[in-house]
Amino acid sequence: MIARRPRFKLIDVVSHAYIWLLLLVFVTPFIVLVGYTLTATSGTSTAGNFQFVFGSFLDNLKWSLIISAATLVGNVLLALPAAYGLIRYPLPGKRLLYTIVTLPLYVPGAVIGLSLLLTYYFTYHLATSVFGLIFAMMICTFPLMLTPIVVAMKDLPVVFEEASECLGATRWQTFHKIVLPLIGPGVSAGLMLTFIIVFNEYLVTLFVHPNDITTAPLRVFNVVKTAGLAPSTTALAVVMQVISLAAILLFFRLFGTRYFKGTYLI
Amino acid sequence: MSSVRFESVTKHYGQTVAVEQFDLEVADGEFVTLLGPSGCGKTTTLRMVAGLIEPSGGRIFFDDREVTRLPPRSRNIGFVFQTPALFPHLSVADNVGFGLSVKGAKKAQIGDRVEQMLALVGLAGYGGRLPAQLSGGQQQRVALARVLATDPTVLLFDEPLSALDKNLRETLKYSILELQRRTAKTAIYVTHDQTEAFAISDRIVVMNAGRIEQIGTQTDIYLDPRTPFVAEFIGANNALLGTVAAVGADADEDGRHAVTVAGDGFSVECQGRNGLAVGDRVIAYLRPEDIRVLDEGEQATQRNVVEGEIDRVIFEGATAQLRVRVGDRQLRVDVGGGKRLTLGDRGRTVRLGFDRLNVIPTGVGLPGVPVEDVAPDATA
């Protein structure tokens with residue numbers, strides 16, 4: 001037997017290079033953004049760029065977070081019973097219902113914004129308000145909350161609920177002690193998607209936001225329009241990016257370890 | 001602990017009949033098995049006892065308390081499913097204590113009970129593990145501990161062993177029986193496996209197409225099947241389709257009369273149940289193990305002796321299965337003991353002697369298994 005030297009595998013090198021190239025293409029915009037923020041232009045400093053953020057931008061961030069939180073709470077409270085009903089009950093016209101509810105996914109944001117604005121004025125005779133804005137966000141992101149929960153619910157064998165009820169649990173006990181933890185991955189996926197979309201939403205917000213409320217993305221856009229591409233503007237963007245990233249990491253930390261690892265093995 | 005009584009319980013799904021006019025009384029502490037092929041309505045019946053399915057008609061009682069419309073949680077039952085269905089996010093101890101905790105029992109009390117139940121099923125010290133860290137058999141034992149922890153009045157089993165491998169099934173079925181005996185709880189057990197049913201039941205209810213075919217002990221059902229379905233579903237049988245040619249006048253101590261059944265190319269004599277009359281269309285069932293292969297020159301003591309030619313010898317270890325051609329039909333003959341080793345080969349001519357046959361009128365019970373003149377391939 002002749003010991004063969006391990007062959008130089010071209011295919012491995014190519015595939016690794018391909019992955020790294022893709023990664024670079026994806027990450028480049030963010031690196032450029034951060035880099036641009038850190039370059040101090042004449043008369044300003046890097047720290048100054050961020051000081052600007054924590055001055056007036058804090059108010060915009062606060063509104064963005066309030067609206068995101070309210071949307072999350074509202075949508076999760078709506079989506080949980082909706083998903084449970086859609087999967088566990090023999091509803092006539094189930095598919096049609098689901099399609100209608102997921103409509104905002106396929107309709108352009110500008111169309112939703114415009115139609116909501118018209119609805120508020122001519123149907124409800126209301127001026128735009130923070131509640132109107134939250135409601136708009138809920139409509140836009142409801143399918144994103146509902147779909148992962150529906151999928152998780154569908155994958156959950158009904159036998160766990162039956163076992164729980166046979167052991168004497170009420171429907172509510174069964175739901176919050178058994179169903180909710182077991183559809184946890186679906187719920188946390190819905191929460192994550194919703195937060196990221198709402199926190200960064202621009203288009204619909206533009207239509208329905210009240211005059212005294214400016215969300216963070218809206219502010220970024222306004223500043224870009226008026227002040228151009230100043231490093232202080234990109235500092236806003238970087239802060240938003242960091243918050244989104246932190247939110248994702250937090251979700252994985254909270255739900256990831258407990259529920260993402262092989263949840264149910266029958 | 002209580003008895004369970006079914007009064008004309010019926011379940012329809014649209015036009016489909018799942019269970020029809022089910023009447024049964026299960027005594028306090030009795031172990032009753034519902035046995036039948038898949039789709040015979042046995043699981044539906046069990047789920048109606050649990051309250052997981054609401055009957056379309058009829059009533060179910062636990063002792064004298066009607067439970068027909070009660071939700072499962074108000075019935076105090078223990079249901080063991082086909083899969084262990086342990087809550088995967090809860091520890092073994094939390095699973096076993098679940099029934100008590102939802103009823104608001106105190107922590108210390110739950111802890112004691114959990115320890116006790118885990119010890120009962122031989123899994124003491126496993127409380128801290130997650131269900132996924134246990135084997136299939138251990139999981140099913142935890143499921144048993146979980147239902148026993150709530151001290152249910154009735155235990156319900158829905159093919160609890162069908163997902164396990166053969167050796168585990170063997171040991172676990174006796175564990176189930178032993179636990180049921182020790183706790184003296186009424187049990188209803190659903191299975192399609194007749195060896196399982198025979199091993200653990202006090203009584204067996206044979207079901208077919210949503211109806212009860214026969215209720216009885218193992219010996220009742222095996223030795224005295226009342227319908228063609230039961231005769232063909234339980235064990236193996238040679239079926240001879242014919243008519244009653246003669247009925248003897250005198251009854252034996254079991255109230256049976258000597259009857260002669262004649263069909264296409266055969267005529268057999270045996271003891272038949274009271275009520276048979278000359279001219280009745282019947283099937284005479286002949287168990288393969290009730291046929292004796294006569295030695296050469298042996299004086300036959302059996303009433304029926306036929307001569308045939310061996311078609312095939314299937315050596316199965318403890319027994320040998322013979323296919324013997326008699327006239328234009330084939331009989332299955334099971335041979336045990338030393339004789340199974342000296343059967344010879346195909347083509348050999350043998351004499352067969354037999355006394356015991358079950359004569360069952362056609363048209364009794366539901367047409368389940370299609371009745372053939374001879375069913376040589378019926379397997380045990």
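Just the heavy atoms: all of them, side chains too, but no hydrogens, waters or symmetry mates, feed the values below. Each chain gets a letter, A, B and so on, in the order the sequences are listed, and its residues count up from 1.
Between the side chain of B:Q139 and the backbone N or O of B:L134, at least one donor-acceptor pair lies under 3.5 Å. Checking side-chain atoms of B:R73 against main-chain N and O of A:A169 turns up no donor-acceptor pair under 3.5 Å. Distance alone, capped at 3.5 Å, is enough to place a donor-acceptor pair between the B:E30 side chain and the B:A27 backbone.
There is no contact between B:R75 and chain A, counting heavy-atom distances below 4.5 Å. Both the backbone and the side chain of A:E165 come within contact range of chain B, judged by heavy atoms closer than 4.5 Å. Of the two parts of A:T174, neither the backbone nor the side chain holds a non-hydrogen atom closer than 4.5 Å to a non-hydrogen atom of chain B. Heavy atoms closer than 4.5 Å to chain A are found in the side chain of B:L52, but not in its backbone.
Heavy-atom pairs under 4.5 Å with chain B were tallied for A:K177, A:R171, A:E162; the largest tally goes to A:E162.
Using cut-offs of 30° and 60° for the angle between ring planes, the B:Y189 and B:F157 rings count as tilted.
Because its NZ or CZ atom is not both nearer than 6.0 Å to the ring centre of B:F62 and within 45° of the ring axis, B:R5 does not count as a cation-pi partner of that residue. Both cation-pi conditions hold for B:R129 and B:Y126: the charged atom is under 6.0 angstrom from the six-membered ring centre and inside a 45 degree cone around its axis.
Side-chain contact of B:S3 with B:D63: a donor-acceptor pair under 3.5 Å is present, judged by distance alone.
Around atom OH of A:Y106, more than 12 heavy atoms belonging to other residues, nucleotides or ligands sit under 6.0 Å away.
Using a 4.5 Å heavy-atom cut-off against chain B, no residue of residues 84-93 of chain A qualifies as contacting.
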